[in-house]
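Written below as structure tokens is the structure these notes are about.
FYI, side chains are in, hydrogens and waters are out, and symmetry mates aren't considered; it's all heavy atoms of this structure.
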Amino acid sequence: MDYNAELIVQRPSTLGEGSIWDARRQVLYWIDIRESQVFIFDPATNTNRAINVGSHVGTVVPRHSGGLILALRDGIASLDLQTEKVEMLVPVDNQPGQLRFNDGKCDPAGRFWVGTLNYQEKKGAASLYRLDIDQTLHRMLTDLTISNGLVWTRDHKTMYFIDTPTREVWAFDYDLAAGAISNKRTVIKVPVNMGYPDGMTIDSDDNIWVALYGGAQVAHWNPKTAELLDVVHVPGAKHVTSCALGGKDLNDLYITTAAQGVDSEADKRDQPHAGSLFRVRVQSRGVEAFEYLG
């Protein structure tokens, strides 16, 4: 099935990203990485609160004890939503000016998985980390380039992960008790004409929705068979960066986009909504995002 996404927040975000639905609070968190902004979109009031966190922010996840956890350029921090205070929890030497944190999510045990990228997108310079609930950090994968989307199946036995330039979605066997991954294999190969795989979410049927940077779309695949199930077209915004299933029934697909690279007058005419937030109601139902338990 083909869907067409609807514009809901018109905003020229340089690098809109990191969408995640907070089922407890019924709001969507998303970010502008380059402008150091965390956004809270409330569909009940149709408002989009912006908080400047003072540093490039790669992703955001809800924290069970309250507030948010942020992957900033140089470490993992907390954000108090009442005071807007940012507190660094786990500083990380990301080679200042070279690396920053990028996409990430919490696993079913409440650990925070988050990866990095090199600002010049140097091949093999990035890593994927796991932050445990005691705030110890473990490097889980190396030799990556742009660490991006990751999700877990409902039985918690498989983790899917994207290193964007490979144009592939990888699967790993997942040991929930240990937080360990093994048996890497490729489950989806994204055709060149569809764009680059970026952020990702998973539905209650264990099928994945992948934002396609440069492709003006989100693709819905069955990762067990590699069958393309649905395509969501994103009008007026080519650089699609992340997606999240949310809303009361978890069947509203929220989609972020980026305005970076949309520089020429022709590009601006073709992509008037670059950097904006979109939404479309789909037939699939999502799963509640996991919170950080540390």
Passes salt bridge (charged side-chain N to carboxylate O under 4.0 Å, His left out), Arg34 versus Asp32? Steps please. CA-CA 6 Å; Arg34 291 282 185 164; Asp32 185 340; over 6 Å; no
Is Arg111 positioned over the aromatic face of Tyr292, cation under 6.0 angstrom from the ring centre and no more than 45 degrees off axis?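 Not flagged: Arg111 not positioned over aromatic ring of Tyr292.
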For the hydrophobic clusters of this structure (ILVMFWY residues joined by side-chain heavy atoms under 4.5 Å, transitively), does one cluster hold both [X] and [Y]?
X: Met1; Y: Met194; answer: no
X: Leu228; Y: Tyr196; answer: no
X: Tyr3; Y: Val240; answer: yes
X: Phe278; Y: Leu245; answer: yes
X: Val231; Y: Leu7; answer: no

From [X] [atom1] over to [Y] [atom2], what is the distance, rounded to the nearest 0.5 angstrom?
X: Lys85; Y: Leu79; atom1: NZ; atom2: CG; answer: 11.5 Å
X: Lys122; Y: Leu117; atom1: NZ; atom2: CG; answer: 13.5 Å
X: Leu131; Y: Leu137; atom1: CG; atom2: CG; answer: 5.5 Å
X: Asp42; Y: Arg25; atom1: CG; atom2: CZ; answer: 12.5 Å
X: Ser284; Y: Ile202; atom1: OG; atom2: CD1; answer: 11.0 Å
X: Arg100; Y: Asp74; atom1: CZ; atom2: CG; answer: 11.5 Å

Applying side-chain hydrogen bond (donor to acceptor under 3.5 Å, both in side chains) to Asp107 and Trp152, what does each step give before you reach the verdict? CA-CA 7 Å; Asp107 73 5; Trp152 289 263; 5.2 Å; no
Would a 4.5 Å heavy-atom cut-off, applied to side chains only, mark [X] and [Y] as touching?
X: His138; Y: Asp132; result: yes
X: Tyr213; Y: Asn148; result: no
X: His273; Y: Thr257; result: no
X: Val114; Y: Val61; result: no
X: Val86; Y: Ile51; result: no
X: Pro108; Y: Leu176; result: yes
X: Leu128; Y: Asp163; result: no
X: Pro62; Y: Ile20; result: yes

Looking at [Y], is its backbone amide N or carbonyl O close enough to the side chain of [X] to form a donor-acceptor pair, meaning the two atoms are under 3.5 Å apart?
X: Arg24; Y: His64; value: yes
X: Thr164; Y: Pro197; value: yes
X: Thr14; Y: Ala259; value: no
X: Gln217; Y: Gly215; value: yes
X: Asp134; Y: Thr136; value: yes
X: Thr201; Y: Trp209; value: no
X: Arg11; Y: Gly275; value: no
X: Glu121; Y: Asn118; value: no
X: Thr59; Y: Asn102; value: no

Under 4.5 Å between side-chain heavy atoms, chaining through other members, with only Ile, Leu, Val, Met, Phe, Trp and Tyr counted: pull out the rest of the cluster around Tyr254, sorted by chain and number. Ile8, Val9, Trp21, Leu28, Trp30, Phe39, Phe41, Leu250, Leu277
Any chance [atom1] of [X] has more than 12 other-residue heavy atoms, nucleotides or ligands included, within less than 6.0 Å?
X: Gln283; atom1: CD; answer: no
X: Arg154; atom1: CZ; answer: no
X: Glu288; atom1: CD; answer: no
X: Gln120; atom1: CD; answer: yes

Can Thr256 and Thr241 be said to form a side-chain hydrogen bond (donor to acceptor under 3.5 Å, both in side chains), step by step? CA-CA 6 Å; Thr256 61; Thr241 53; 2.6 Å; yes
Any salt bridge (Lys or Arg N to Asp or Glu O under 4.0 Å) pairs touching residues 180-207, not counting sequence neighbours?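 Passing the test, one end in residues 180-207: Asp173-Arg185.
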Using the side-chain contact (heavy atoms from CB on, under 4.5 Å) rule, take Val262 and His239 through it: C-alpha gap first, then chi angles, then the decisive distance, then the call. CA-CA 9 Å; Val262 183; His239 300 321; 4.1 Å; yes
Look at the aromatic rings of His56 and Tyr119 and report parallel, tilted or perpendicular, splitting at 30° and 60°.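 Tilted, since the angle between the ring planes falls between 30° and 60°.
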Using 30° and 60° as the class boundaries, would you call the ring planes of Tyr129 and Phe101 parallel, tilted or perpendicular? perpendicular
Given the rule in the side-chain contact (heavy atoms from CB on, under 4.5 Å) test, do Leu68 and Arg63 qualify, once you have shown the distances and angles that lead to the verdict? CA-CA 5 Å; Leu68 303 177; Arg63 190 179 194 181; 5.9 Å; no
How close do [X] and [Y] get, heavy atom to heavy atom, and via which atoms?
X: Gly199; Y: Cys243; value: O-SG, 4.4 Å
X: Gly261; Y: Asp267; value: O-OD2, 3.7 Å
X: Ala237; Y: Gln271; value: C-OE1, 3.9 Å
X: Ser147; Y: Gly115; value: OG-CA, 3.2 Å
X: Val90; Y: Gln135; value: CG2-O, 3.6 Å
X: Ile162; Y: Val210; value: CD1-CG1, 3.9 Å

Given the rule in the side-chain contact (heavy atoms from CB on, under 4.5 Å) test, do Ile208 and Ile188 qualify, once you have shown the distances and angles that lead to the verdict? CA-CA 10 Å; Ile208 56 174; Ile188 302 292; 4.3 Å; yes
Checking side-chain contact (heavy atoms from CB on, under 4.5 Å) for the pair Thr186/Thr166: CA distance, chi angles, key distance, verdict? CA-CA 10 Å; Thr186 298; Thr166 68; over 6 Å; no
Can you list the steps and then say if Asp22 with Tyr29 is a side-chain hydrogen bond (donor to acceptor under 3.5 Å, both in side chains)? CA-CA 7 Å; Asp22 186 330; Tyr29 306 118; 2.7 Å; yes
